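One structure is given here, and the rest of the page talks about it.
The analysis underlying the following values was restricted to heavy atoms, covering all of them including side chains, and did not include hydrogens, waters or symmetry mates. Just so you know, ligand 1 is whichever comes first in the structure, and atom 1 is the first atom listed for that ligand. The structure presented is a predicted model; accordingly, all values stated were derived computationally and were not measured.
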Amino acid sequence: MKKRALITGITGQDGSYLSELLLKKNYQVHGLIRRVAAEDKTHRLWRLKHLLNDIKLHPASLESYASIVQIIQKIKPQEIYHLGAQSYIDYAFKDEFSTLNTNINGTHYLLSAIKEFSPKTKFYFAASSEMYGKVLEIPQNEKTPFYPRSTYGISKVAGFDLTRNYREAYGLFCCSGILFNHESPRRGFEFVTRKITHAVARIKFGLQKDLKLGNMDAKRDWGHAEDYVKAMWMMLNKRNPEDFVISTGKQYSVRDFAKLAFKAVDLDYRKYVKIDKKLERPADVQTLLGSCSKAKKILKWKPKYSFQGLVDDMVRADLEFVEKYGY
Ligand code: NDP
Ligand code: GDR
């Protein structure tokens with residue numbers, strides 16, 4: 001009998017890589033999607049188009065406890081990976097209410113439904129390095145206190161605390177992966193890495209003249225999504241539930257990323273990048289650097305991609321993308 005996994009946020013970057021991984025491991029993969037996604041497969045399911053015959057998608061709503069209960073009762077999953085969230089931080093400053101509502105309630109509804117109707121289901125929560133915000137320690141590990149700088153970060157702290165509380169209070173197998181930034185050719189176009197590599201390809205093909213960026217001095221610990229989804233599976237397939245930091249332990253600035261991405265096509269970023277103050281956030285996270293020694297030791301997890309390898313993969317994919325689609 002195949003194991004059943006339910007993924008919320010299956011249409012996103014991580015959802016697509018995790019689906020591929022679980023299918024390879026012979027899981028039956030189910031995904032919770034928004035109803036509108038089922039109606040617009042071309043635009044909303046582009047990351048899953050090669051998998052649509054192998055996975056089962058269920059229209060439901062993270063905003064409705066009843067719809068979550070129904071889906072859990074129907075699928076009876078052994079594992080739930082809760083990746084669905086309003087994940088774009090710029091937008092969190094424009095719409096704090098829906099960011100908090102979706103991210104906090106969605107997580108709470110899932111945990112409560114598991115407790116009431118499926119207490120043997122294992123639960124993974126997609127926590128984030130954004131919880132460290134204005135960092136209180138360098139590098140950040142599982143014991144570093146949180147200082148979130150956006151409603152997104154606040155919602156992830158709440159989700160992390162809820163997950164721990166349901167574990168401690170009700171003995172559920174639920175845990176959080178505190179994942180640092182991870183990118184890939186499937187990253188959304190609004191995030192800075194994809195914005196850069198897509199612009200590099202468009203500039204190379206003569207479709208764009210320059211690239212506007214905000215805070216280029218922000219530093220992140222950037223990994224590849226393909227490496228990071230493996231850690232999610234490892235966390236749910238160990239004996240006891242525990243929280244883990246997942247990171248590379250190396251830090252680069254937005255400027256470093258831009259420099260390498262332009263260099264990959266023999267261009268000098270200084271000729272093309274323009275600073276636009278309007279793209280700066282009211283409160284940005286200036287520096288993030290993770291220590292994942294716990295994951296290395298206990299999960300035996302380690303990333304395969306280097307920073308250069310990540311940049312090259314994204315630039316290569318965007319050159320192919322722009323050549324194929326012309327935009
Ligand atoms: P994406 O933005 O690519 O995907 C987000 C997913 O959440 C999409 O499937 C989206 O569906 C879904 N979603 C958003 N709002 C709702 C809603 N109201 N109801 C139902 N579904 C919704 O994110 P990633 O794949 O990059 O990240 C996965 C998770 O990991 C997120 O929770 C993110 O916050 C977290 N995370 C990500 C990190 C990263 O660097 N990528 C680092 C740390 C944590 P739709 O396609 O319909 O919009
Ligand atoms: P982040 O990713 O906020 O870290 O959240 P993002 O790529 O949006 O920003 C990274 C840094 O780059 C700076 N920046 C810009 N950002 C964007 N999007 N666009 C720009 O033009 C630009 N110019 C500079 C930002 O100010 C920021 O400092 C991501 C998301 O995936 C979250 O869901 C996840 O939890 C965290 O990573 C870890």
Side-chain angles (χ1 to χ4, degrees), residues 7-18 31-38 40 43-48 57 59-64 67-68 81-93 98-99 101-103 105-107 124-133 148-150 152-153 155-156 159-160 176-184 186-196 199 211-225 228-229 232 245-247 253-255 257-258 273-288 290:
I7 305 174
T8 74
I10 194 168
T11 58
Q13 170 187 257
D14 292 4
S16 66
Y17 284 113
L18 181 62
L32 184 156
I33 56 166
R34 301 196 241 203
R35 192 186 53 78
V36 281
D40 185 6
H43 295 107
R44 289 177 170 263
L45 301 181
W46 62 274
R47 296 182 177 98
L48 297 173
L57 300 177
S61 172
L62 278 182
E63 279 103 41
S64 152
S67 92
I68 286 173
Y81 295 86
H82 177 36
L83 313 180
Q86 194 304 94
S87 72
Y88 182 41
I89 289 158
D90 283 273
Y91 187 70
F93 285 106
S98 80
T99 302
N101 287 341
T102 305
N103 294 5
N105 292 341
T107 308
Y124 171 86
F125 173 62
S128 165
S129 51
E130 277 295 301
M131 304 191 303
Y132 297 119
R149 297 267 283 167
S150 62
Y152 170 84
S155 75
K156 290 290 178 181
F160 177 89
S176 296
I178 308 175
L179 271 52
F180 282 61
N181 294 56
H182 46 280
E183 321 292 313
S184 74
R186 296 186 201 164
R187 189 54 143 155
F189 289 91
E190 65 272 60
F191 298 96
V192 76
T193 55
R194 186 77 199 272
K195 183 174 169 183
I196 293 171
L211 166 65
K212 292 193 175 61
L213 292 175
N215 178 8
M216 289 191 79
D217 298 318
K219 291 185 181 144
R220 292 288 183 275
D221 178 329
W222 270 303
H224 197 296
Y228 283 41
V229 298
M232 299 176 185
V245 162
I246 302 296
S247 64
S253 65
V254 172
R255 188 183 311 282
F257 192 100
V273 174
K274 310 247 179 315
I275 300 294
D276 182 349
K277 294 271 175 209
K278 289 198 287 299
L279 295 172
E280 288 178 9
R281 296 174 184 173
D284 204 1
V285 170
Q286 199 55 33
T287 174
L288 288 172

Ligand 1 to Arg44, heavy atom cutoff 4.0 Å, flagged ligand atoms 47 (O)

Nearest non-hydrogen atom to atom 5 (C) of ligand 1 belongs to which of Ala85, Gly223, Ser129?
Ala85

Quick one: does Tyr88 get within less than 4.0 Å of ligand 1, heavy atoms only?
no

Provide the number and element of each atom of ligand 1 under 4.0 Å from a heavy atom of Leu62.
19 (N), 20 (C), 21 (N)

Those atoms of ligand 1 less than 4.0 Å from some heavy atom in Gly12
3 (O), 4 (O), 8 (C), 9 (O), 25 (O)

To atom 25 (O) of ligand 1, the nearest of Thr11, Asp14, Asn101 on a heavy-atom basis is Asp14

If you take the nearest heavy atom of each of Phe125, Tyr152, Tyr228, which one is closest to atom 35 (C) of ligand 1?
Tyr152

Electrostatic pair Asp284:Arg149 at N-O distance under 4.0 angstrom:
no

Dump all N/O pairs between ligand 2 and the protein below 3.5 Å as a table: atom names plus distance, one pair per row.
{"from": "ligand 2", "atom 1": "3 (O)", "to": "Arg281", "atom 2": "NH1", "distance (Å)": "2.6"}
{"from": "ligand 2", "atom 1": "3 (O)", "to": "Arg281", "atom 2": "NH2", "distance (Å)": "3.3"}
{"from": "ligand 2", "atom 1": "4 (O)", "to": "Asn181", "atom 2": "ND2", "distance (Å)": "2.8"}
{"from": "ligand 2", "atom 1": "4 (O)", "to": "Arg220", "atom 2": "NE", "distance (Å)": "2.9"}
{"from": "ligand 2", "atom 1": "7 (O)", "to": "Val192", "atom 2": "N", "distance (Å)": "2.8"}
{"from": "ligand 2", "atom 1": "8 (O)", "to": "Arg281", "atom 2": "NH2", "distance (Å)": "2.8"}
{"from": "ligand 2", "atom 1": "9 (O)", "to": "Arg281", "atom 2": "NH2", "distance (Å)": "3.4"}
{"from": "ligand 2", "atom 1": "18 (N)", "to": "Glu190", "atom 2": "O", "distance (Å)": "3.0"}
{"from": "ligand 2", "atom 1": "21 (O)", "to": "Lys195", "atom 2": "NZ", "distance (Å)": "2.7"}
{"from": "ligand 2", "atom 1": "23 (N)", "to": "Gly214", "atom 2": "N", "distance (Å)": "2.8"}
{"from": "ligand 2", "atom 1": "26 (O)", "to": "Asp284", "atom 2": "OD2", "distance (Å)": "2.7"}
{"from": "ligand 2", "atom 1": "28 (O)", "to": "Arg220", "atom 2": "NH2", "distance (Å)": "3.0"}
{"from": "ligand 2", "atom 1": "28 (O)", "to": "Asp284", "atom 2": "OD1", "distance (Å)": "3.1"}
{"from": "ligand 2", "atom 1": "28 (O)", "to": "Asp284", "atom 2": "OD2", "distance (Å)": "2.9"}
{"from": "ligand 2", "atom 1": "31 (O)", "to": "Arg187", "atom 2": "NH1", "distance (Å)": "3.1"}
{"from": "ligand 2", "atom 1": "31 (O)", "to": "Arg187", "atom 2": "NH2", "distance (Å)": "2.9"}
{"from": "ligand 2", "atom 1": "33 (O)", "to": "Ser87", "atom 2": "O", "distance (Å)": "2.7"}
{"from": "ligand 2", "atom 1": "33 (O)", "to": "Tyr152", "atom 2": "OH", "distance (Å)": "2.9"}
{"from": "ligand 2", "atom 1": "35 (O)", "to": "Ser128", "atom 2": "OG", "distance (Å)": "2.6"}
{"from": "ligand 2", "atom 1": "35 (O)", "to": "Tyr152", "atom 2": "OH", "distance (Å)": "2.5"}
{"from": "ligand 2", "atom 1": "37 (O)", "to": "Asn181", "atom 2": "ND2", "distance (Å)": "3.1"}

Are Ser150 and Glu130 close enough that some pair of their side-chain heavy atoms sits under 4.5 Å apart?
yes

Taking distance alone, with no angle check, do Glu63 and ligand 1 share an N/O pair under 3.5 Å?
yes

Taking atom types as modelled, is there a side-chain donor on His82 or Thr8 under 3.5 Å from an acceptor on the other?
yes

How far is atom 30 (O) of ligand 1 from its nearest protein heavy atom, and which residue and atom is that?
Ala126 CB, 3.4 Å

Starting from atom 43 (C) of ligand 1, what is the nearest protein heavy atom, named by residue and atom, and what distance separates them?
Leu179 O, 3.1 Å

Should Gln286 and Asn215 count as side-chain neighbours, where that means a heavy-atom distance under 4.5 Å?
yes

Taking the side chain as everything from C-beta on, heavy atoms only, tell me whether Ile68 gets closer than 4.5 Å to Leu62.
yes

Are Phe191 and Tyr88 an aromatic pair by the rule of ring centers under 6.0 Å?
yes

Short N or O distance, Gly9 and ligand 1, threshold 3.5 Å exclusive
yes

Could you list the atoms of ligand 1 found under 4.0 angstrom from a heavy atom of Thr102?
17 (C), 18 (N)

Run the side chain to side chain contact (heavy atoms under 4.5 Å, CB included) test against Ser129 and tell me which residues pass, sequence neighbours left out.
Tyr132, Phe180, Asn181, Leu288

Is any N or O atom of Leu83, backbone or side chain, closer than 3.5 Å to an N or O atom of ligand 1?
yes

Compare Met232, Arg35, Arg187, Glu183 and give the one whose heavy atom is closest to atom 41 (N) of ligand 1.
Arg187

What is the nearest protein non-hydrogen atom to atom 2 (O) of ligand 1, stated with its residue, atom name and distance?
Ser87 OG, 2.6 Å

May I ask you to test the Phe160-Thr107 pair for a side-chain heavy-atom distance under 4.5 Å?
no

Ligand 1 N/O within reach of His82 N/O, cut-off under 3.5 Å:
no

Just to confirm my output: which protein heavy-atom neighbour is closest to atom 3 (O) of ligand 1, and how far is it?
Gln13 N, 3.0 Å

Where do Val254 and Asp217 land on the side-chain contact (heavy atoms from CB on, under 4.5 Å) test, with the steps shown first?
CA-CA 6 Å; Val254 172; Asp217 298 318; over 6 Å; no

N/O to N/O below 3.5 Å, does that happen between Arg47 and ligand 1?
no

Distance only, no hydrogens: is a donor on one side chain within 3.5 Å (strictly under) of an acceptor on the other, for Arg44 and Thr11?
no

Tell me: protein heavy atom nearest atom 44 (C) of ligand 1, and distance?
Ala127 O, 3.3 Å

Per-atom contacts, ligand 1 versus Asn181 - under 4.0 Å to a heavy atom:
40 (O)

Looking only at distances, please establish whether an N/O atom of ligand 1 is found under 3.5 Å from an N/O atom of Arg34.
yes

If we only count heavy atoms from C-beta on, is the Ile246 to Ile178 side-chain gap below 4.5 Å?
no

Check against side-chain contact (heavy atoms from CB on, under 4.5 Å), Ile7 and Leu32
CA-CA 6 Å; Ile7 305 174; Leu32 184 156; over 6 Å; no

So do Asp221 and His182 actually touch side chain to side chain, heavy atoms under 4.5 Å?
no

Applying the side-chain contact (heavy atoms from CB on, under 4.5 Å) test to Ser253, which of Met216, Lys219, Arg220 qualifies?
Lys219

Does Tyr17 have Arg186 sitting over its ring (NZ/CZ under 6.0 Å from centre, angle to axis within 45°)?
yes

Using heavy atoms and a threshold below 4.0 Å, how should the contact between Ala37 and ligand 1 be classified: side chain, backbone, both, or neither?
neither

Is it the case that the side chains of Ser184 and Gln13 hold a donor-acceptor pair, with the cut-off being a distance below 3.5 Å and no angle test?
yes

Any non-hydrogen atom of Ser61 lying under 4.0 Å from ligand 1?
no

Does Gly15, backbone or side chain, put an N or O under 3.5 Å from an N or O of ligand 1?
no

If you measure from each heavy atom of Arg186 to ligand 1, is any distance below 4.0 Å?
no

From atom 39 (C) of ligand 1, work out which of Glu190, Arg220, His182 has a heavy atom at the shortest distance.
His182

Evaluate the side-chain proximity of Ile275 to Lys212: yes if any heavy-atom separation is below 4.5 Å, no if none is.
no

So do Ile89 and Val285 actually touch side chain to side chain, heavy atoms under 4.5 Å?
no

If we ignore angles and hydrogens, is there a donor and acceptor under 3.5 Å between the side chains of Gln86 and Thr99?
yes

